[in-house]
Amino acid sequence: MLESIGNLERTHSCGALRAENVGETIVLMGWVARRRDFGPLIFVDLRDRDGLTQVVFDEEFSREIHDKAEALRSEFVIAVTGEVIARDQNSINKKIATGEIEVRAKELLILNDAKTLPFQLEVAGSEQLASEDLRLKYRYLDLRRPQLQYNIRTRARVVSTIRRFMDEQDFTEIETPILIKSTPEGARDYIVPSRIQPGKFFALPQSPQLFKQLCMIAGLDKYFQIARCFRDEDLRADRQPEFTQLDVEISFPNTEQIFRLIEGMFERVFKLVNARLPIPFPRMTYREAMERYGSDKPDLRFEMELTDLSDDLKNTDFAPFANALEQNGQIKCLTVKGAGNYSRKQLDELQEFVKRYGAGALAWIKLADETTSSLLKVLGQETIEKLAQTAQAEKGDLVLIVAGKKKTVAAGLGALRVEIAKRENLIDRQAFKPLWVTEFPMFEFDESDGRFYAMHHPFTSPLDEDLENYKRAIETGENELLAGIRAKAYDAVLNGYEVGGGSIRIHQAAIQALNFKALGISPEKARERFGFFLEALEYGTPPHGGIALGIERIMMTVCGTDNIRDVMAFPKTASATDLMIEAPGDVDEAQLEELKIKIKE
RNA sequence: GGGAUAGAAGCACAAAGGCUGUGCACUUGAUUGUCGAUCAAGCAGGUGCGGGUUCGAGUCCCGUCUAUCCCGCCA
């Protein structure tokens, strides 16, 4: 028999009661986390979002209530009125915040029952959770787990802290449209058919980029938005098709102002979890990051930098190395301290690992009792010793070498660096290591379709020092020169995650036109795609720039998880479906008819 | 689009190519101090799906589906 809550009100949460409450009569409501039946005595761990409180149903105290409690099962929803009593010294439970007390029930309302759950929320004394697909199907149950409750509530605190901070800094929160126009540049769009304009489509924003720039043209001066963004691309452990950004734009800015603002924001956010960040953040150019770490988002929680061996090998006959150098490539290595005893199997695994990034092979030098190497036969002992010396390897160390195109070497060794840090447990889990990566290249050449793409986005301003070369390169079509042009673009990096990226934008129509030319977008095409924006640029556009920060990525570091699904209430699977609501789904024939859409086949 | 791993009771797992099993959950009973309660009994699957190899297949092979991680893609 289920009962009504009536006018009963909670006096405390299940995490609130302490020794000083002893003697009070209180009302708790929550879920039965666990029941321990001792016959005349029944213990119930009552759970809500704040914690657990032990409730005692004592036959001696109230026969009627005790007997009623016999019917309780896991996840029943109950209201308990009772007295807070102190526990014996030896029955204090140090594992829970309310462990010094318990509640002796004198009233019990069974507000709802619950079927046996399809999986146990947490198996006591075990790290094992049910498989993720099952937990995603019953996400509302998985969310009852204290860890997810903590993550979701911490996210809310972070977001409200950000709002308050941006408000204090005199920013205006502005909502931009969700139904916008598709722009083929950048990520694939999610598209939405229009009923009133059959055959036409909206797109969901990949980011509010052009709208925030238009806000600057509109004289709104300091804009921000906690903006939902959509990208129809494949998922990863840190990527979902819809996600949230703190989107920021400022008029008359310089990079320093933006860095200061964001550093202040991060400082405030990380205070919530009692973490201190180094202010100002260290900085590194893109070029330096790639050379030293093989990554534009280096994880600075551990050392282990790359070493260039190209000089030592410039006269080598060994074909893979000679070819790499001939094609303007590189030979670089990682020195792993104390890994000189790696087995053949381990080295094979690492080789397989770098091959995923396009590396042909992984050569190694082991400095054990004697120095051995997979290259011994082809390079000879002397060269091996020299390489080990250049790599600053000492006895007991391991040197891992990759040769090839610069991009491949960086990708392979950059990823290997992180992989080895995980295997060797080199990462300080408590540390927060932020970094600004600056001076990104303007463009990236795509071999497959033989044109340049904007590395950041097509509205990014070139670096002042590179402006002359930029203009010349575009006018004369010198690809090599163009590839070297740097942008006023920067990324915020935290613990190896790119948590944000931004730039100073182009505010002059003539430069914007040049940029489209560099990207191979004809004036006609540009007008068709971005005409409204190009026109807007001509009506007195102030210099402006900004940044967008990924809320989920920030939350991943705040919550100490490596999975984005742990910091979102209702995430999607790797194949971009929602197992709970079973989306995407079919629509009625009538709906399609209204939209004038026919499904092929 | 590609690669890797996994799929067995409600859940998590063990099972040299040879009778399937363990823990938790669940049900019933016992139990005055537990907090991963304990004890006893009970309930419960034939291994994601489709083929193949074999005297015999969770186990080997092929395909497929789902989940996860990665490459490509994406900032």
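Just so it is clear: chains get the letters A, B, ... in the order the sequence lines come, proteins before strands, and each one is counted from 1.
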Answer with base, sugar-phosphate or nothing: what part of the nucleic acid does A:Ser131 contact at a heavy-atom distance below 4.0 Å? sugar-phosphate
A:Lys355 NZ to B:G3 C1': how many Å, rounded? 13 Å
Atom pair distance, as rounded to whole Å: CZ in A:Phe119 and P in B:A12: 10 Å
For B:G58, glycosidic torsion class - syn if within 90° of 0, otherwise anti: syn
C1' gap between B:A15 and B:G7, integer Å: 16 Å
Taking the C1' atom in each of B:C11 and B:A16, what is the distance between them to the nearest angstrom? 28 Å
Answer syn or anti for B:G46, where the cut-off is 90° from 0 on the glycosidic torsion. syn
Applying a 4.0 Å non-hydrogen cut-off, can you work out what A:Glu102 is touching in the nucleic acid: base, sugar-phosphate, or nothing? base
Scan every strand shown for a Watson-Crick or G-U wobble partner of B:C60, both distances under 3.5 Å, and answer none if you come up empty. B:G52
Atom CD1 of A:Ile96 to atom P of B:C35: distance rounded to whole Å? 12 Å
Students often get this wrong, so: under 4.0 angstrom with heavy atoms, is A:Lys95 touching a base, only sugar-phosphate, or nothing? sugar-phosphate
Mind checking who B:C74 pairs with, Watson-Crick or G-U wobble, both distances under 3.5 Å? none
Looking at A:Phe259, A:Trp436, A:Phe432, which one forms a ring-ring contact (aromatic ring centres under 6.0 Å, His included) with A:Phe281? A:Trp436
Measure NE2/A:His66 against P/B:U31 and give the value in whole Å, please. 11 Å
Can you confirm whether the side chains of A:Gln225 and A:Thr176 place a donor and an acceptor under 3.5 Å from each other? yes
Give A:Asp37 one of three labels, base, sugar-phosphate or nothing, depending on what nucleic acid heavy atoms sit under 4.0 Å from its own. base
Do A:Asn495 and A:Thr557 meet the criterion of a side-chain donor-acceptor pair at a distance under 3.5 Å? no
Cation-pi check for A:Tyr150 against A:Arg49: NZ or CZ below 6.0 Å from the six-membered ring centre and within 45 degrees of the axis, yes or no? no
Pairwise C1' distance, B:A44 and B:G10 [rounded to whole Å]: 9 Å
Inter-nucleotide P distance (B:U22, B:C61), Å rounded: 29 Å
Using atom CD of A:Glu122 as one end and atom P of B:A12 as the other, report the distance to the nearest whole Å. 15 Å
Could you please name the partner base of B:C13, counting Watson-Crick and G-U wobble pairs only when both distances are under 3.5 Å? B:G21
State which residues pass side chain to side chain contact (heavy atoms under 4.5 Å, CB included) with A:Lys407; sequence neighbours excluded, sorted by chain then number. A:Glu444
Do you see a donor-acceptor pair shorter than 3.5 Å between the side chains of A:Asn93 and A:Gln54? no
Pairing partner of B:U38 (Watson-Crick or G-U wobble, both distances under 3.5 Å): B:A30
Whole angstroms only, please: what is the CG-P distance between A:Leu134 and B:A9? 11 Å
Using a 4.0 Å cut-off on protein heavy atoms (strictly under), produce a 5'-to-3' string for nucleotides 64-75 of chain B with B for base contact, S for backbone-only sugar-phosphate contact, and - for none. ---SSSSBBBBB
Which value, in whole Å, describes the distance between the C1' atoms of nucleotides B:U64 and B:A6? 15 Å
Spacing of the C1' atoms in B:G21 and B:U47 (rounded, Å): 13 Å
What distance, rounded to whole Å, do you find between the two C1' atoms, one in B:U68 and one in B:U31? 45 Å
Any N or O donor-acceptor pair linking the side chain of A:Arg87 to the base of B:U34 at under 3.5 Å? yes
Is the shortest side-chain N/O distance from A:Ser74 to OP1 or OP2 of B:C26 below 4.0 Å? yes
Which one is paired to B:G46, where only Watson-Crick or G-U wobble pairs with both distances under 3.5 angstrom count? none
With a 4.0 Å cut-off on N to O distance, would you call A:Arg423 and A:Glu349 a salt bridge? yes
Distance test, side-chain N/O of A:Arg73 to OP1/OP2 of B:U27, below 4.0 Å: yes
Looking only at atom P, what distance separates B:G52 and B:A57, rounded to whole Å? 12 Å
Are side-chain heavy atoms of A:Tyr357 and A:Phe353 found at a separation under 4.5 Å? yes
Using a distance-only test with no angle check, is there a side-chain donor-acceptor pair under 3.5 angstrom linking A:Asp247 and A:Tyr223? yes
Between A:Asp133 and A:Ser131, is there a side-chain donor-acceptor contact under 3.5 Å, judged purely by atom types and distance? yes
Rounded to whole Å, CD of A:Glu70 lies from C1' of B:U31 at a distance of 12 Å
Does B:U66 pair with anything, Watson-Crick or G-U wobble, both distances under 3.5 Å, and if so, with which nucleotide? B:A6
Atom-to-atom span, CG of A:Leu141 to C1' of B:G10 - whole angstrom: 13 Å
Both A:Val56 and A:Ala130 contact RNA chain B. Which one's nearest nucleotide lies toward the 5' end? A:Ala130
